[in-house]
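Worksheet for the structure shown next.
These figures come from a predicted structure and were not determined experimentally. The analysis underlying the following values was restricted to heavy atoms, covering all of them including side chains, and did not include hydrogens, waters or symmetry mates.
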Amino acid sequence: MKKFIKPAAVLVIAAVILLGIRFGLAGAASASAEAAMQDVYKQLLPGSTSFTEEEYSGEDANITAVYKGDDGYIIETTTAGYVNDIVLLTGVQNDGTVSGILPVRIQETFGLGQNAGKAAFLGQFLGINSEAAVGEEIDAVTGATVTSKAVTKGVNSAVAFVTGADVSSGATEWEG
């Protein structure tokens, strides 16, 4: 029995040390993740140096989070894609111009809808400052019209939030 007490005590002490390290580093990891997100926000909204999360209580169900920067907003939207929900971060300047877009989650059909997360498609939104439509201002990804419209819907929601467009006007709705 004495043979098992010493190894068991060592294991318990090691577990306590590891838990202490884990909880001690959790704060540093959280701070590092927050700093990384601030850097992403700065890329999406050039000129802004700090961002604070604002409560969103509007009518647009696509908007899941709002971050206020010095020169505009970062709007997080979630829209229904062909396969799964699409989560985007869209940088919109105070005048309503899209300055950056980043897909946070886009799990669409490989080789088709996945292409909506690439720069070739997303670059079409840069500089837009009003409602965009697939087939007009935006060229759809071939074979992925539903996904293209879902991304466009998310960007339109972000622009509408900053410009004050009325959600009930249909500016953020599409038939998909």
(request) Measure from the side-chain N and O atoms of Asn84 to the backbone N and O of Ala80, and report whether any donor-acceptor pair falls under 3.5 Å. (result)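 No.
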
Quick one: side chain to side chain contact (heavy atoms under 4.5 Å, CB included) partners of [X], sequence neighbours excluded?
X      : answer
Asp71  : Ser48
Ile138 : Phe121, Gln124, Phe125, Ile128, Ala132, Val134, Thr152
Val162 : Tyr73, Val92
Asp95  : Gln93, Thr97

(message) Looking at Gln43, I want to see if its CD is surrounded by more than 12 non-hydrogen atoms of other residues, nucleotides or ligands under 6.0 Å.
(response)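 No.
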
Mind listing the closest non-hydrogen atom pair of [X] and [Y] along with its distance?
X      : Y      : answer
Ala116 : Thr147 : CB-CG2, 3.6 Å
Thr79  : Ala150 : OG1-O, 2.9 Å
Thr90  : Ala158 : CB-CB, 3.8 Å

Would you check if [X] and [Y] make a side-chain contact, meaning some heavy-atom pair closer than 4.5 Å?
X      : Y      : result
Leu89  : Ile101 : no
Leu122 : Pro103 : yes
Val98  : Val159 : yes

Just to verify, what does [X] make a side chain to side chain donor-acceptor pair (under 3.5 Å) with, not counting sequence neighbours?
X     : value
Thr64 : Glu76
Lys68 : none
Asp70 : Thr49
Glu53 : none

(message) Taking Tyr67 as the starting point, is it possible to reach Leu102 by hopping between hydrophobic residues whose side chains are less than 4.5 Å apart?
(response)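 Same cluster.
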
(request) Establish, from distance only, whether the side-chain atoms of Asn156 and Lys153 form a donor-acceptor pair under 3.5 Å. (result)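 No donor-acceptor contact under 3.5 Å links the two side chains.
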
(message) For a quick check under 3.5 Å, do Ser157 and Asp60 share a side-chain donor-acceptor pair by atom type?
(response)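 Note: Ser157 and Asp60 side chains meet the donor-acceptor criterion.
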
Rounded at 0.5 Å granularity, tell me how far [atom1] in [X] sits from [atom2] in [Y].
X      : Y      : atom1 : atom2 : result
Asn62  : Thr77  : CG    : OG1   : 6.5 Å
Thr78  : Asp85  : OG1   : CG    : 6.0 Å
Leu112 : Thr145 : CG    : OG1   : 10.0 Å
Ile74  : Leu45  : CD1   : CG    : 4.5 Å

(request) Sequence neighbours left out, what passes ring-ring contact (aromatic ring centres under 6.0 Å, His included) with Phe51? Give chain and number order. (result)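 Per chain and number, Phe51 pairs via ring-ring contact (aromatic ring centres under 6.0 Å, His included) with Tyr41.
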
